[in-house]
Number of protein chains: 2
Amino acid sequence: MSKAKPIDILIASLEWLEPLDQRDRDLLAGLDLRLKQFGANDDIVRSGTHPGESCFIVGGFAARAQYLADGGRQLDQLHVTGDFVDLHSLHLRQMDHSVIAIGPCGVAFVRHDELVSTMAHSPRLTWLLWQLTVLDGALARTWMTCLGRRRADAAMAHLVCELLTRLRRLGAAPNNCFQFPATQADMADMLGISTVHINRILAELRSRRLLTWSRHEVHVLDFERLAHIADFDETYLAPGNPMPSRFQQFVAT
Amino acid sequence: MSKAKPIDILIASLEWLEPLDQRDRDLLAGLDLRLKQFGANDDIVRSGTHPGESCFIVGGFAARAQYLADGGRQLDQLHVTGDFVDLHSLHLRQMDHSVIAIGPCGVAFVRHDELVSTMAHSPRLTWLLWQLTVLDGALARTWMTCLGRRRADAAMAHLVCELLTRLRRLGAAPNNCFQFPATQADMADMLGISTVHINRILAELRSRRLLTWSRHEVHVLDFERLAHIADFDETYLAPGNPMPSRFQQFVAT
DNA sequence: CGATAAGTTGAGAATTATCAAGGGGAGTGG
DNA sequence: CCACTCCCCTTGATAATTCTCAACTTATCG
């Protein structure tokens with residue numbers, strides 16, 4: 001996808017929250033990354049395991065998946081290039097969900113011990129990685145509201161608005177147009193409805209000239225109207241608080 | 001509710017994750033708490049604001065709420081005594097959700113600057129507070145799977161199983177019986193369905209002799225069968241990883 | 001005891017699911 | 001290059017789930 005070095009993708013993602021100093025960038029640049037490419041529906045991190053690494057996305061899309069006894073699954077978050085998808089495994093004894101690839105997806109893994117050492121040398125990075133997990137939660141809550149209290153068309157519109165907003169930020173959605181390799185079955189598992197219904201919702205949005213979606217290419221024709229249908233408010237996608245200077249103190253203790 | 005001092009409730013909650021040393025306990029005991037009592041449906045933290053304090057629950061129940069333009073709301077997480085509900089405001093520039101009281105609820109507020117200073121003196125507390133926000137996310141994901149991929153009866157059964165499990169841990173559910181002041185309208189907003197349907201689901205669970213629920217008192221009659229209907233697996237409620245010793249290093253840097 | 005909020009029930013409508021069959025595109029092997 | 005195949009998308013018909021509206025009953029609290 002991108003020509004940038006993997007670590008630069010992460011650095012850019014963190015700098016979007018708050019500027020880093022050169023020392024922080026150097027610490028990150030010194031991380032030993034294991035790169036791996038995944039294909040559609042591959043498990044990047046498997047539910048029930050206890051990984052020794054965390055990972056971030058270098059290109060493409062990934063999602064978190066929870067599986068049910070009856071074979072069904074719920075996709076409860078969507079991740080794009082630059083997202084540190086699996087910081088969670090740093091804290092979880094056992095993965096409560098899988099991370100799977102939505103289409104081709106490049107991933108960089110960092111060993112937990114290295115990550116921890118890095119944070120031990122930088123309060124700012126500790127703060128920012130924590131913040132990433134908190135911002136993640138804000139996206140999850142909004143997604144939940146879609147699942148619980150929006151009808152399928154509004155939920156779909158909301159998901160598209162969110163995705164477009166996040167991709168624009170990366171410069172990956174020129175003309176409100178972007179590549180998105182999710183199948184309709186994937187979308188069904190995201191929105192908690194059936195594949196057939198996804199198809200009908202999309203047909204409707206298409207006929208209302210709000211968007212087109214074919215061959216893995218989404219084109220948002222009328223963002224305003226889509227956002228209105230979705231009751232979309234993008235403030236939950238904003239960065240969080242910068243590190244308070246007091247948090248710095250601990251280095252001196 | 002409890003006779004314990006407010007800060008001891010928080011300490012117990014953190015010690016459930018990992019033992020604290022005396023210094024950590026002293027740091028926490030030195031926090032200046034503002035106590036406040038709330039009634040049903042009161043806002044504890046209001047959406048859209050930028051609070052200067054975080055809060056934890058000292059007694060009773062609270063929930064996170066997101067509101068829609070049409071007046072509807074989604075309750076997307078439920079919190080019990082000891083939960084540090086609003087660590088999120090430490091990182092969020094603007095609250096993306098409200099925290100509201102479900103029935104009478106005692107809350108302790110801590111100023112952000114004090115909280116940050118405390119963490120600056122204790123890597124362990126930093127680690128644990130971060131972990132709380134991560135574990136929170138695991139609950140949110142599971143809730144999401146209920147909203148998206150379980151039918152209303154299974155979702156209700158799941159919520160009851162989760163709640164019982166969490167309250168048992170606090171010793172607050174003797175004989176699988178506990179006080180729970182949520183109204184059926186509250187439950188509807190949690191599960192993303194209508195009040196009328198909640199009523200019917202409860203009637204059904206009652207007639208199947210799985211539980212009773214009246215006068216704000218829930219009695220789980222057959223946890224096994226309820227857990228089976230819900231496809232309930234409690235591993236997501238487990239504590240996370242203890243702090244790695246390397247994380248400690250930063251004090252010496 | 002009256003007022004207000006919460007729970008219950010019925011009937012009909014909207015939304016979404018399921019089943020089933022057909023169509024199109026992309027890759028593969030002949 | 002064509003035939004074949006597989007996967008995904010599309011569409012129709014019918015069924016299940018859940019919603020809305022409305023009336024009524026029961027609790028709760030001053």
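All figures in this text were calculated on a predicted structure; none of them were measured in a lab. Throughout, protein chains are lettered first and strands after them, A, B, ... in sequence-line order, and every chain is numbered starting at 1.
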What salt bridge (Lys or Arg N to Asp or Glu O under 4.0 Å) pairs are there with at least one residue in residues 84-99 of chain A, not counting sequence neighbours?
A:D96-B:R141
DNA chain D-proximal residues of residues 68-76 of chain B, any heavy atom under 4.0 Å:
none
Measure across A:D189 and A:Q74 and return the closest heavy-atom pair with its distance rounded to 0.1 Å.
O-NE2, 3.2 Å
Considering non-hydrogen atoms only, spot the tightest contact between A:P51 and A:V45 and give its length.
CG-CG1, 3.8 Å
Looking at DNA chain D, which of residues 176-189 of chain A put a heavy atom within less than 4.0 Å of it?
A:T183, A:Q184
Non-neighbouring partners of A:F84 that pass ring-ring contact (aromatic ring centres under 6.0 Å, His included), sequence neighbours left out
A:F56
Give me each pair satisfying side-chain hydrogen bond (donor to acceptor under 3.5 Å, both in side chains) with a member in residues 220-236 of chain B, each pair once, sequence neighbours excluded.
B:E162-B:Y236, B:D222-B:R225, B:D233-B:T235
With the threshold set at under 4.0 Å for non-hydrogen atoms, list the residues of residues 202-216 of chain A touching DNA chain D in residue-number order.
A:R206
Sorted by number, residues from residues 142-155 of chain A placing a heavy atom under 4.0 Å from DNA chain C are A:R151, A:A152
Outermost contacting nts on DNA chain D, any atom under 4.0 Å from chain A heavy atoms, listed 5' then 3', are D:dC9 to D:dA13
Under the ring-ring contact (aromatic ring centres under 6.0 Å, His included) test, which residues partner A:H91, sequence neighbours left out?
B:W127, B:W130
Its 5'-most and 3'-most nucleotides having an atom under 4.0 Å from a non-hydrogen atom of chain B, DNA chain C is contacted over C:dA6 to C:dA11
Taking five pairs at each end of the helix from C:dC1-D:dG30 to C:dG30-D:dC1, what angle separates the two helix axes (nearest 10°)?
50°
Got a sec, which residues hit ring-ring contact (aromatic ring centres under 6.0 Å, His included) with B:F223, two or more places apart in sequence or on another chain?
none
